[in-house]
Amino acid sequence: MVCPQANWACDRKFTGYRLEAFDMQEQRRGEQVRRFFAGVTEYVFHTRLGVADPPMVDYISELLTRFLRSEEVYAIRGPRGARLTQVADMLEEASHRQGPAKRQLHRHIGDFTLFWTGLYPEIADRMQQTGGKDRLLDYRDQGKRNYLIASTIPVEREQTTSEVLQRLSDCFDICTYGLQEIRKTWEEDDGVPGPILFE
């Protein structure tokens, strides 16, 4: 006779091993992605563009890694829990926040606009032309403005220094161009055009 509790314990233990193995694979894959973006970002900014600003280049590399997943691109939620997909809605939400939460949201708006105008300008144009609230906004201006606002909001512990956010504001156009060059570089390598976002 087989004891149901023994089977359950064995299944649970096996499932635990499978989850642990899956987590290890995810960590390895994540590390490979981070190294890929760090390498290509450093190559484009340092070698091709002559931008020698390691903290800013590292920030852009981390932005690419974070924004691989669409839930990070659209991480901001409104008061009712709905994802905010338009910059106009994010700006409205930022007007209701204070302190570190306000800084984080303005930084996200800078990241969001840099990501779309740099890597996928055709999608940014389409997002603005669909008749939504963003049709009246200039994503480049909003990116510069929101990085600047984020850099001026004092916080006790900074994940990203105010100086890096200030430089992202000042160098937004060169960062946009650099992201376009990064996209060209990876498309030359794999021959597959288009977004590389994962659900």
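Values reported hereafter were calculated over all heavy atoms of this structure, with side chains retained and with hydrogens, waters and symmetry mates removed.
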Check: Arg183 and Pro121 side chains under 4.5 Å, non-hydrogen atoms: yes
Validation row: Arg140, Phe172 side chains within 4.5 angstrom (heavy atoms): yes
Chi angles and distances behind the salt bridge (charged side-chain N to carboxylate O under 4.0 Å, His left out) call for Glu31, Arg34: CA-CA 5 Å; Glu31 184 56 34; Arg34 273 189 288 286; 3.4 Å; yes
Charged N-O contact under 4.0 Å between Glu187 and Lys184: no
Carboxylate-amine/guanidinium contact Glu122 Arg126, below 4.0 Å: no
Hphob cluster co-occupancy, Leu84 + Trp116, side-chain heavy atoms under 4.5 angstrom: yes
Phe67 and His108 aromatic centres sub-6.0 Å: yes
Shared hydrophobic cluster, Val51 / Phe115 (ILVMFWY, side-chain heavy atoms < 4.5 Å): yes
Validation row: Leu64, Leu179 side chains within 4.5 angstrom (heavy atoms): yes
Under-4.0 Å salt bridge between Asp170 and Lys144: no
Student check: side-chain heavy atoms of Asn146 and Arg107 closer than 4.5 Å: no
Sidechain-backbone polar pair: Thr41 side chain, Ala38 backbone, donor-acceptor under 3.5 Å: no
